[in-house]
Amino acid sequence: ITMIKDNVFSENAKIFFERFEKGENPEDILLELSKIELIPFTDGNKITYIYLNKENSKDIRLKTSFNKNNYKMKRYKKSDIFYLTFSYKNNEIDNSTYIFEINDGKNVKFKKDLYNKNVTVLDKKRTNIVRTKESLLPTIQEWRNLVPDGKISKNLKRDILVYLPPKYFVEKNKNYSVLYMQDGQNIFDSPVSNFEGWKVDTIATNLINNDEIESIIIVGIENSPKRKEEYVGFSTLYTFDPTGYEDYIKEAKELNDNYVNFVINKVKPLIDSNYRTKSDRDNTAIAGSSFGAGISLYIGFKYNNIFSKI
């Protein structure tokens with residue numbers, strides 16, 4: 001992997017710079033392209049990393065897993081766009097990690113790529129990884145800070161982690177069944193998850209690669225500090241006599257209603273509109289463990305027009 005000279009870009013990065021030169025807002029361009037292209041931009045032999053410098057820092061560096069030294073990024077003309085392009089062979093760039101180092105002269109900060117949802121779950125920061133169009137590896141993507149509707153739930157932000165099966169970026173005409181799972185921060189194979197995770201991604205990948213199951217998308221919905229209330233607030237929470245608990249039971253029911261609405265009307269539409277899913281009932285399932293099993297059963301039976309499997 002070799003850094004190459006100024007003003008050389010991967011093919012899709014050329015499109016970005018051409019549109020910028022025509023006067024388009026660079027952030028708008030990246031947001032649009034990130035919905036249809038993999039970022040950083042790769043073309044089979046070149047990769048271009050792009051950082052939009054909103055901090056007015058003059059020193060932006062790229063820290064990667066393929067080199068111990070941080071690369072100083074190049075400023076594009078006099079704009080706020082910083083970039084670096086590397087050449088690579090045999091898809092060796094695939095699965096490498098990276099982060100941006102921002103030095104404003106007083107402090108050094110590390111920032112993720114806001115336009116790349118591909119992450120590793122092997123560290124708590126969920127560092128960005130590179131995925132190429134030629135990649136045969138499974139991928140986990142991150143959607144950050146989603147929140148249910150409703151005043152009582154407004155501070156209950158959580159991330160959504162989406163497992164994409166092997167060859168997802170290669171087999172572009174293929175659509176996939178979807179499994180929605182609770183406690184999303186614990187379902188993947190990770191040393192930073194509780195008990196190192198449930199290893200759903202590793203198991204699914206092995207089964208897919210051995211032709212024991214069809215390729216599927218798995219959506220991990222993280223829990224919140226109100227996990228019990230969101231997951232089993234439809235019940236009386238083990239209290240057979242609700243006397244004295246009326247306010248708490250009412251609050252728990254509202255939190256539960258908001259969470260159910262979140263899954264049905266926010267998460268599922270988000271997944272169906274951004275991934276190649278089979279969105280019909282026969283190809284949609286929901287699962288969980290413990291309290292997560294309770295809410296999965298509740299949602300699955302209540303919305304059996306959406307879910308065929310629990």
Side-chain angles (χ1 to χ4, degrees), residues 1-43 46-88 93 95-120 122-132 140-147 154-155 157-161 274:
I1 301 173
T2 306
M3 186 170 65
I4 55 183
K5 62 183 180 180
D6 292 358
N7 298 321
V8 175
F9 313 113
S10 60
E11 292 303 313
N12 288 329
K14 287 181 183 178
I15 297 173
F16 167 81
F17 286 105
E18 287 170 0
R19 290 177 59 176
F20 172 72
E21 288 289 357
K22 292 178 180 178
E24 292 188 54
N25 182 289
E27 185 171 10
D28 292 342
I29 303 171
L30 281 178
L31 284 171
E32 180 183 328
L33 290 178
S34 68
K35 295 178 181 179
I36 56 175
E37 301 289 349
L38 288 163
I39 293 178
F41 298 108
T42 62
D43 62 11
K46 293 189 297 297
I47 181 170
T48 299
Y49 299 83
I50 293 175
Y51 181 81
L52 300 186
N53 179 23
K54 299 179 181 180
E55 300 85 4
N56 295 319
S57 300
K58 295 182 179 180
D59 188 359
I60 312 292
R61 295 177 182 267
L62 177 70
K63 184 177 182 180
T64 74
S65 59
F66 58 77
N67 193 294
K68 294 181 180 179
N69 299 319
N70 295 354
Y71 297 95
K72 188 170 183 178
M73 300 188 75
K74 302 169 185 177
R75 188 176 186 180
Y76 183 73
K77 298 183 177 179
K78 294 183 179 181
S79 72
D80 292 332
I81 302 170
F82 284 70
Y83 73 95
L84 275 180
T85 300
F86 297 82
S87 62
Y88 63 92
I93 201 79
N95 213 41
S96 59
T97 62
Y98 70 99
I99 194 167
F100 298 114
E101 180 182 302
I102 318 301
N103 189 339
D104 63 5
K106 296 180 180 179
N107 300 297
V108 175
K109 297 180 181 179
F110 292 95
K111 292 198 172 184
K112 294 171 65 172
D113 190 337
L114 298 178
Y115 308 98
N116 178 11
K117 295 186 181 302
N118 299 312
V119 298
T120 175
L122 299 179
D123 61 62
K124 290 185 177 180
K125 294 180 180 179
R126 293 180 187 153
T127 304
N128 287 119
I129 64 168
V130 172
R131 270 292 173 267
T132 67
I140 294 175
Q141 295 197 336
E142 177 187 55
W143 294 80
R144 303 194 68 191
N145 298 326
L146 278 71
V147 62
K154 67 178 181 179
N155 295 319
K157 295 179 181 179
R158 81 282 316 277
D159 297 340
I160 306 296
L161 296 170
N274 285 279

Can you classify the ring geometry of Tyr98 versus Phe100 as parallel (below 30°), tilted (30 to 60°) or perpendicular (above 60°)? perpendicular
Any Asp59 side-chain heavy atom under 4.5 Å of Arg61 side chain: yes
Hits for ring-ring contact (aromatic ring centres under 6.0 Å, His included) against Phe17, two or more places apart or cross-chain, chain-then-number order -> Phe9, Tyr76, Tyr83
Identify, with sequence neighbours excluded, every residue that meets salt bridge (Lys or Arg N to Asp or Glu O under 4.0 Å) alongside Lys111. Glu55
Do Lys54 and Asp80 have side chains that get closer than 4.5 Å, going by heavy atoms? no
So Asn67 and Ile1, side chain to side chain contact (heavy atoms under 4.5 Å, CB included) or not? Walk me through it. CA-CA 9 Å; Asn67 193 294; Ile1 301 173; over 6 Å; no
So, does Arg19 use its side chain to make a donor-acceptor pair with the main chain of Lys22 at under 3.5 Å? no
What's the shortest heavy-atom distance between Glu142 and Asp159, and which atoms? OE2-OD2, 3.7 Å
Over all atoms of both residues, closest heavy-atom pair of Ser10 and Phe41: OG-O, 3.0 Å
Do any N or O atoms from the side chain of Lys112 and from the backbone of Arg126 form a donor-acceptor pair under 3.5 angstrom? yes
Partner of Thr48 by side-chain hydrogen bond (donor to acceptor under 3.5 Å, both in side chains), out of Thr85, Asn12, Thr42: Thr85
Closest non-hydrogen atoms of Thr120 and Leu122, given as atom of the first, atom of the second and distance, are OG1-N, 3.1 Å
Are Asn145 and Arg158 close enough that a side-chain donor and a side-chain acceptor fall under 3.5 Å? no
Any chance you could measure Glu32, atom CD, to Glu37, atom CD, to the nearest 0.5 Å? 10.5 Å
Is there a donor-acceptor contact under 3.5 Å from the side chain of Asn116 to the main chain of Leu38? no
Got a second to check how far Asn70's CG is from Lys72's NZ, nearest 0.5 Å? 12.5 Å
Would you say that Asp113 contacts Tyr49 through its side chain, given a criterion of any heavy-atom pair below 4.5 Å between the two side chains? no
What about Phe86 and Phe66, are their ring centers closer than 6.0 Å? yes
Side chain to side chain donor-acceptor pair (under 3.5 Å) partners for Asn274, two or more places apart: none
Any idea which heavy atoms bring Pro26 and Phe16 closest together, and the distance? O-CE1, 3.6 Å
Rounding to 0.5 Å, atoms CZ (Arg144) and CG (Leu161) come to a distance of 10.5 Å
Determine, step by step, whether Asp104 and Asn56 satisfy the side chain to side chain contact (heavy atoms under 4.5 Å, CB included) criterion, reporting the C-alpha distance in whole Å, the side-chain angles of both residues, the deciding distance to 0.1 Å, and the verdict. CA-CA 7 Å; Asp104 63 5; Asn56 295 319; over 6 Å; no
Would you check if the side chain of Asn118 reaches a backbone N or O of Gln141 as a donor-acceptor pair within less than 3.5 Å? no
Got a second to check how far Met73's CE is from Ile81's CD1, nearest 0.5 Å? 11.0 Å
Look at the side chain of Ser65 and the backbone N and O of Ser96, then say whether any donor-acceptor pair between them is shorter than 3.5 Å. no
Looking at every non-hydrogen atom in both residues, tell me the closest pair between Ile29 and Glu24 and how far apart they are. CD1-CB, 3.6 Å
Report the residue from Ile39, Leu33, Asn128 that forms a side chain to side chain contact (heavy atoms under 4.5 Å, CB included) with Tyr115. Ile39
Nearest-0.5 Å distance that lies between atom NZ in Lys63 and atom CZ in Phe110: 5.0 Å
For the pair Asp43 (side chain) and Glu11 (backbone), establish whether a donor and an acceptor sit closer than 3.5 Å, ignoring hydrogens and angles. yes
Result of checking Val130, Thr2, Ile47 against Tyr88 for side chain to side chain contact (heavy atoms under 4.5 Å, CB included): Ile47
To the nearest 0.5 Å, what is the distance between OH (Tyr51) and CG (Leu114)? 7.5 Å
Looking only at non-hydrogen atoms, find the nearest pair between Ser57 and Asn103 and report the distance. CB-O, 3.5 Å
